[in-house]
Each structure stands twice: as C-alpha cells, then as structure tokens.
Amino acid sequence: MEEIIGVLNGIVWSNALIVLCLGTGLYFSIRTRFLQLRHIKEMFRLLFDGKSSESGVSSFQALAMSLAGRVGTGNIAGVATAIAFGGPGAMFWMWMVAFLGASTAFVEATLAQIYKEKHLGQFRGGPAFYIERGLGVKWFGILFAVVSVISAGLLLPGVQANSVADGIQNAFQLDTWVSGLIVAAIFGAIVFGGVKRIAKFTEFIVPIMAIGYILIVLVIIAIDFDQLPGVVALVFKSAFNMEAGFGAVFGLAIQWGVKRGIYSNEAGQGTAPHIAAAANVSHPTKQGLVQSFSVYIDTLLVCSATGFMLLITGKYNVQNPAFGSNGASEFLYNGAENVSVGPGFTQSAMDSVLPGFGSYFVAIALFFFAFTTILAYYYIAETNISYLTRNFSSPIYNHVLKVVMMLVIMYGSINQAKLAWDIGDLGVGLMAWFNIIAIILLQKPALLALKDYEKQKKAGKDPVFNPLDIGVENAHIWNSINKHPE
C-alpha cells in the first residue's frame, strides 16, 4: 500500500505541480493588480458583512467554515513536518504560497459564488459547478466531483484523525483507537444535524481555537524573544541556499514548503470554493475577498506561530540520511531523542518552555483544529454528492457518506502516520491539478466581477451583482438573489 501510494504521489506531486501552484498565484496576482495588498482593509470589513438566510450562511460563518478546513493539523503537524524535511527555509516558501495563493483563493471563491446553485433549499457550489456551468464541460465537472468525494470523504479525514490520536496518545497515553472512537462519535452527532449546525459550531469554535493557540505560542516566543531576529534571518538564508548547514536541503525547502503550504491554506486546491459558495452575499467579489483574507490568517498567523516556536526552541531536525532512511517516521530530534515527525515535534517544543503543559495544550488544540477540518471535509464531500445526484436526490447518499467518514476516522486514528500523510497528500494533489487547470481556463468572469465590484465601490454604492452586466451567462441564480429580471 505504501509503495503504491508513494509512486502515485511521485507523479501527482512532481515539480510540475509546484511550478503550477506558484506560477498560477503569481499570474493571478498580476492580473488582479495584487488585490491581496490593495484590498486588505476591504477584506477585513467584509468579514462581518452579510447575514445568514434560509438558503445560505453569513460571510463570517463562511469564513469560519473555510478556516475550519484551512486551520487544521497542517498548522501544527504539517509545519513541523515541512521544517523537519525541508529545513527552516520551508517556512519562507509557505509564506510565498500564502501571499501568491491569496489571489488564487480569490479567483476560485468568486467563481464558486458566480456559478452557485440552489439544491434542496441550500446554496451549493464549487469547482464541479463552475466547470460545468462556466466551461461547459460536464464530464470534467463530474470527474472533479468524483475525485473530491474520494479525497474529502475517504483520503483526507484519516490524516486529521491520525494527528489527533497521535497528539492525545503523547499527552494522555490514551490508546489511538479510543481517540478515534470519540472523534467519530462527536463527528456523527454534529453532521447528522445538517449544514446549519456545522456553520454554528465552527463559527463559535474556530475563532477561539485560533486566537488561543496563537496567544500561547506568542508567550513562548516572547520568553526567548532575543532569538527571534536570528531565527528570521535563518529562515531567509536557508530558503535561498545561503546557510551552509542547510545547503543540502535547498530543493527540499521549496518542495516541502509549497506542499505543506498548499495543504494548510488550501489556495488553489479546490476545497474552499465549496464553502465560499454557501455565503449569502450581494456580490461574488465580497466572498472572494473574504476567502483571500482567510489564507493570510491560516499561514501568516497560525503556521508562522508554530514555525517560529519550533525554531526558537531549537526543537526541529532536518532529515538525517543515516537515520530513518528505511522510510520510518522516526528521526533524531534535537540531537537527543526519537520523536515522530508531526505533532510530537510541536509538543516537545512547547514542553521545553512550559513543562507539563505543552503536550496537553497541543493535544487539545490538535483535537479542535483537526476536528473542525474533518467537518469541512464532510461539507465538501456532501456538496459534490449533491452535484452528482441533482437529478435523483435522496438523503440516503449523505447518510452513507456520514457513516463511511466515521469509519475512515477510526481507521485513520490507528494507521501509521507516514501512510496517513501520503494518502492525504495524494488527495490534495489530485484536487489541485484539476482545479487549477479549471480556474486558469475560467478566470475571465472572476476578473470581470472584481472590476465590476471596484467600479460600484468607487461610485459609492454597496455593490450588487448582475451577471448580465459583465456578460456572464449560466449564472441565473443571481437573478432571484438580487431580483434581476431575466
């Protein structure tokens, strides 16, 4: 199984995908005139714009749901993995992916809003919808939907569950299968309550967990604040092969920084657009800008907090070819002990400064980070099932998905960490390939929507979207949303 997944990952995560992700972000940044810088103030204002309705959720609820997907185990275990395998320079490339990816996130989220539909009284949208409606290629939309159901419903939840179980076992010595059972039970209790319950849960939990985690990490960084300038310099030097000690992993710094950056902030991956489409807004650009801002929150705040803590405490290790070369997930850690690459790195870093507290806190943070991400995965998989079953709707499909994901959670909890991550990487890579190709081909409506929004704002209006004003067809849902005549 590991060999098969490894071969597939080698194909999917070739240098071509890394170049495609960075290149697409740079291209959209230029085409939007670096909206991620120009519209930061507007992004923040829009976080609290719009209200929920019977058909959709508020902008803030959509942000919370998308952050539930973005802020997960990748922000704790993923950052540790990137630095362990790619060195401190991997952090810089994660920042680059976030900065450039903010424009990619805008384009995909805006497209999701433009081409969303109403299914069983709820707004639904995402890459499959805009591929079919915007590009007019139905088979491509079906292919993406199938891959998304497999990735979000079967491949990705196991990574989150595995990190939760690993972190809890490190802190509380609780068997991984027990953790898996608990997570699966709570998951079932929430998702059987529907999309509205997911939105309300994430709206409450996500801000608390993100702010709480960042505050604790800031305390740790403040204790050794005098080391921060040297750590920042180390990140930049090793990112550009200017640090002798990390010269051997220069290529790995880029590879792991981009891979974990995409996994964490999801820009271009095609997952966040599903949630963006659920927002009840008057103009697609509003949710596009909100989703751009969520990339910053995920990587520039939460991921950076973890990375700086690992580097300041010295609790990281670059893969030693003489140790673990057989593919094992154990590596020399801080020159003294064996610790599994992942949450154990972050737990040890926090324990080194806050003894007796760090492991417990990280385990609890991991639980909330990963659990909310699993909820986001469920919504993504459910949305694509909704797309695939529009003509023969039945609640049985969603019930099957819920049960299957509960089983995946339990299996992922007891699985080997390396295999769990490899399977998750495969799912992320497949979705990224399909989605990035789609948004490159379908960029025009998103760019026109941005221009229309800026024009209305300049005229002192609260922008309202009429797809016919910018020559966009097959976006009929907006005629009823903003009461436009056909």
Side-chain angles (χ1 to χ4, degrees), residues 8-32 35-36 66 69-70 74 93-94 96-115 125-137 139-148 150-152 155-156 254-255 257-277 288 291-292 294-295 298-299 380 383-384 424-447 449-450:
L8 293 175
N9 260 330
I11 298 172
V12 172
W13 279 102
S14 63
N15 290 335
L17 180 57
I18 293 174
V19 172
L20 183 65
C21 290
L22 292 174
T24 301
L26 177 60
Y27 172 72
F28 284 140
S29 295
I30 295 171
R31 289 299 308 272
T32 61
L35 69 81
Q36 61 266 57
S66 67
R70 298 186 199 276
W93 295 105
M94 291 184 77
M96 285 300 298
V97 168
F99 176 71
L100 298 177
S103 64
T104 306
F106 167 81
V107 171
E108 61 182 2
T110 302
L111 289 173
Q113 271 285 328
I114 292 173
Y115 294 106
F129 293 83
Y130 57 67
I131 287 171
E132 179 181 336
R133 284 181 166 271
L135 290 179
V137 187
W139 66 264
F140 192 10
I142 293 173
L143 179 60
F144 182 91
V146 171
V147 170
S148 295
I150 294 173
S151 297
L155 302 181
L156 293 168
I254 300 176
Q255 180 184 0
V258 173
K259 182 187 290 189
R260 286 290 168 257
I262 295 171
Y263 187 90
S264 177
N265 66 51
E266 300 188 1
Q269 184 180 318
T271 50
H274 298 92
I275 298 166
Q291 292 302 319
S292 288
S294 70
V295 173
D298 170 87
T299 305
I380 292 163
T383 297
N384 282 284
D425 282 341
L426 180 61
V428 170
L430 287 173
M431 294 177 69
W433 267 109
F434 291 134
N435 182 62
I436 291 176
I437 290 172
I439 62 177
I440 289 174
L441 296 174
L442 190 60
Q443 61 185 276
K444 188 176 180 180
L447 299 176
L450 175 61

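Of all the heavy atoms in Ala145 and Asn384, the pair that sits closest is CA-OD1, 3.3 Å. Looking at every heavy atom in both residues, Gly257 comes nearest to Met94 through O-CG, 3.2 Å. Of all the heavy atoms in Thr110 and Ala449, the pair that sits closest is CG2-CB, 4.0 Å. Looking at every heavy atom in both residues, Ala277 comes nearest to Gly126 through CB-N, 4.4 Å.
Partners of Ser148 by side-chain hydrogen bond (donor to acceptor under 3.5 Å, both in side chains), not counting sequence neighbours: none found. Remark: Thr32 pairs with no residue by the side-chain hydrogen bond (donor to acceptor under 3.5 Å, both in side chains) rule, at least two apart or across chains.
Note: Leu441 CG to Ile131 CD1 = 9.0 Å, rounded to the nearest 0.5 Å. The CD1 atom of Ile11 sits 13.0 Å away from atom CG of Leu17, with the distance rounded to the nearest 0.5 Å. In this structure, CD1 in Ile440 is found 5.0 Å from CG in Leu20, a value given to the nearest 0.5 Å. To the nearest 0.5 Å, atoms CE (Met96) and CG (Leu26) are separated by 8.0 Å. The OG1 atom of Thr104 sits 7.0 Å away from the CD1 atom of Ile436 when rounded to the nearest 0.5 Å. Atom CD of residue Gln113 and atom CD of residue Glu108 lie 13.0 Å apart, to the nearest 0.5 angstrom.
Between the side chains of Glu132 and Tyr115, no donor-acceptor pair of N or O atoms lies under 3.5 Å.
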Test Trp93 against Val97 for side chain to side chain contact (heavy atoms under 4.5 Å, CB included), laying out the working first.
-> CA-CA 6 Å; Trp93 295 105; Val97 168; 5.6 Å; no

Test side chain to side chain contact (heavy atoms under 4.5 Å, CB included) on Leu35 and Phe28 and set out the steps.
-> CA-CA 9 Å; Leu35 69 81; Phe28 284 140; over 6 Å; no

Could you go through the side chain to side chain contact (heavy atoms under 4.5 Å, CB included) check for Phe106 and Gln36 one step at a time?
-> CA-CA 9 Å; Phe106 167 81; Gln36 61 266 57; over 6 Å; no

Step-by-step side chain to side chain contact (heavy atoms under 4.5 Å, CB included) determination, Phe99 to Val295 | CA-CA 8 Å; Phe99 176 71; Val295 173; over 6 Å; no

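Looking only at side-chain heavy atoms (C-beta outward), Tyr130 and Ile114 stay at 4.5 Å or farther from each other.
For the side chain to side chain contact (heavy atoms under 4.5 Å, CB included) criterion with Pro127, the lone passing option out of Leu442, Leu111, Val147, Asn435 is Asn435.
Taking the six-membered ring where tryptophan is involved, the planes of Phe144 and His274 are essentially parallel, since the angle between them stays under 30° and well short of 60°.
Formation of a donor-acceptor pair under 3.5 Å by the Ser103 side chain with backbone atoms of Leu100 is found in this model.
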